Amino acid sequence: MSISSLQIALADFARRRDWEQFHTPKNLAMALAGEAGELAAEFQWLTPEQSQAVMEDPAKAEAVRQEMADVFSYLLRLATVLDVDLEQALKDKIDLNDTRYPVDRAYGTATKYTDLDR
C-alpha cells in the first residue's frame, strides 16, 4: 500500500466510527507522542546488544511491530488532518540535512550540525 492509500484507509476507519471529531492536531500529536513513548518502553533497560536482537524474540518483535504501527498510524492521521504531504516533507528534510551534514564534516560522527565546525 502507498502512503496515500494508508491515509485514506485510516481516514475511513475514523470516519466510520465518528472519531474525526477527536482527531484534532493537538490530540493526534499527543497520541503520537504517547505511542512513541510506548515504543521506547519496549527498549527501556535493554543493553545495546539486546536492543539489536529484539526482533529475534517473537513476542518482543510483535510488540515492537504493534507500537511502530501505532506511531505510524497517528503520524499519518496528523499529516492528513494538517494536509501535509509526508513524502515531500521527508524529501525536503533529506535535502536540508544534506546541507547541514556534509559528508566531509559529518562522516562517522553524531555531532549536531550546529557544532560540526567546532
Side-chain angles (χ1 to χ4, degrees):
M1 291 182 94
S2 67
I3 287 177
S4 60
S5 63
L6 291 168
Q7 286 178 279
I8 290 167
L10 287 168
D12 183 56
F13 183 90
R15 183 189 48 73
R16 288 183 293 133
R17 289 159 179 80
D18 191 28
W19 287 355
E20 292 167 317
Q21 62 183 313
F22 308 117
H23 288 189
T24 65
K26 177 198 74 76
N27 287 355
L28 291 168
M30 291 178 71
L32 174 59
E35 293 299 340
E38 290 181 19
L39 175 60
E42 294 298 326
F43 294 92
Q44 189 173 14
W45 312 121
L46 299 182
T47 65
E49 296 78 19
Q50 290 170 323
S51 72
Q52 290 283 352
V54 74
M55 299 308 282
E56 294 171 14
D57 177 316
K60 289 184 186 296
E62 181 60 19
V64 168
R65 279 192 296 273
Q66 290 289 322
E67 296 307 337
M68 289 179 74
D70 288 342
V71 168
F72 191 37
S73 67
Y74 280 118
L75 179 62
L76 290 177
R77 282 298 291 145
L78 183 58
T80 300
V81 167
L82 294 176
D83 197 26
V84 170
D85 180 337
L86 277 177
E87 290 181 66
Q88 189 60 54
L90 182 54
K91 288 175 189 174
D92 293 345
K93 188 65 174 195
I94 290 168
D95 290 344
L96 177 61
N97 282 339
D98 195 42
T99 62
R100 288 179 170 174
Y101 295 96
V103 173
D104 63 320
R105 293 195 335 252
Y107 187 84
T109 181
T111 303
K112 187 173 178 174
Y113 71 94
T114 54
D115 297 327
L116 278 176
D117 291 328
R118 294 181 185 182

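Keep in mind it's a predicted model, so treat the numbers as computed, not measured. Computed from heavy atoms alone, side chains included, the values below leave out hydrogens, waters and symmetry copies.
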Point to revise | Atom pair CD/CZ of Glu67 and Phe43 - distance to nearest 0.5 Å | key: 10.5 Å

Practice item. Supply the atom-to-atom distance Glu42 CD to Gln44 CD, rounded to the nearest 0.5 angstrom. Key: 10.0 Å

Practice item. Using a cut-off of 6.0 Å, state whether more than 12 heavy atoms not belonging to Gln52 lie near its atom CD. Key: no

Check your understanding: Should Val71 and Phe13 be counted in the same cluster of Ile, Leu, Val, Met, Phe, Trp and Tyr side chains packed under 4.5 Å apart?
Key -> no

Check your understanding: Taking all non-hydrogen atoms of both residues, which atom of Leu39 and which atom of Val64 are closest, and how far apart?
Key -> CD1-O, 4.0 Å

Revision key, fill the gap. In terms of heavy-atom contacts, Pro102 and Leu116 come closest through CD-CD1, 4.5 Å

Review point. Short question: side chain of Ser5, backbone of Met1 - any donor-acceptor pair under 3.5 Å?
Key: no

**Study point:** From CG (Leu10) to CH2 (Trp19), nearest 0.5 Å
**Key:** 11.0 Å

Review point. Should Arg15 and Asp18 be marked as a side-chain contact (heavy atoms from CB on, under 4.5 Å) after you check the CA-CA gap, both sets of side-chain angles, and the distance that decides it?
Key: CA-CA 5 Å; Arg15 183 189 48 73; Asp18 191 28; over 6 Å; no

Review point. What's the spacing between Leu78 CG and Met30 CE if we round to 0.5 Å?
Key: 13.0 Å

**Study point:** Heavy-atom pair of closest approach, residues Tyr74 and Leu28
**Key:** CD2-CD2, 3.8 Å

Exercise for review: Mind listing the closest non-hydrogen atom pair of Val84 and Ala89 along with its distance?
Suggested key: CG1-CB, 4.3 Å

Review point. Can you check whether Ala106's main-chain N or O pairs, donor with acceptor, with Thr109's side chain at less than 3.5 Å?
Key: no

Check your understanding: Is there side-chain contact between Phe72 and Leu6, with at least one heavy-atom pair below 4.5 Å?
Key -> yes

**Study point:** Heavy-atom neighbours of Met55 CE exceed 12 at 6.0 Å
**Key:** yes

Review point. So how far is it from Leu86 CG to Thr80 OG1, rounded to the nearest 0.5 Å?
Key: 8.0 Å

Check your understanding: Are Leu82 and Leu32 co-members of a hydrophobic cluster defined by side-chain heavy atoms under 4.5 Å apart?
Key -> yes

Exercise for review: Decide side-chain contact (heavy atoms from CB on, under 4.5 Å) for Ile3 and Glu87; before the verdict, give the C-alpha distance in whole Å, the side-chain angles of both, and the deciding distance to 0.1 Å.
Suggested key: CA-CA 8 Å; Ile3 287 177; Glu87 290 181 66; 3.7 Å; yes

Revision key, fill the gap. One should read off an interatomic distance between Gln7 CD and Asp12 CG, to the nearest 0.5 angstrom, of 13.5 Å

Revision key, fill the gap. Residues Glu35 and Asp70: closest non-hydrogen pair is OE1-OD2, 3.1 Å

Check your understanding: Does anything in residues 88-112 pair up under salt bridge (Lys or Arg N to Asp or Glu O under 4.0 Å), and if so which pairs, sequence neighbours excluded?
Key -> Arg105-Asp117

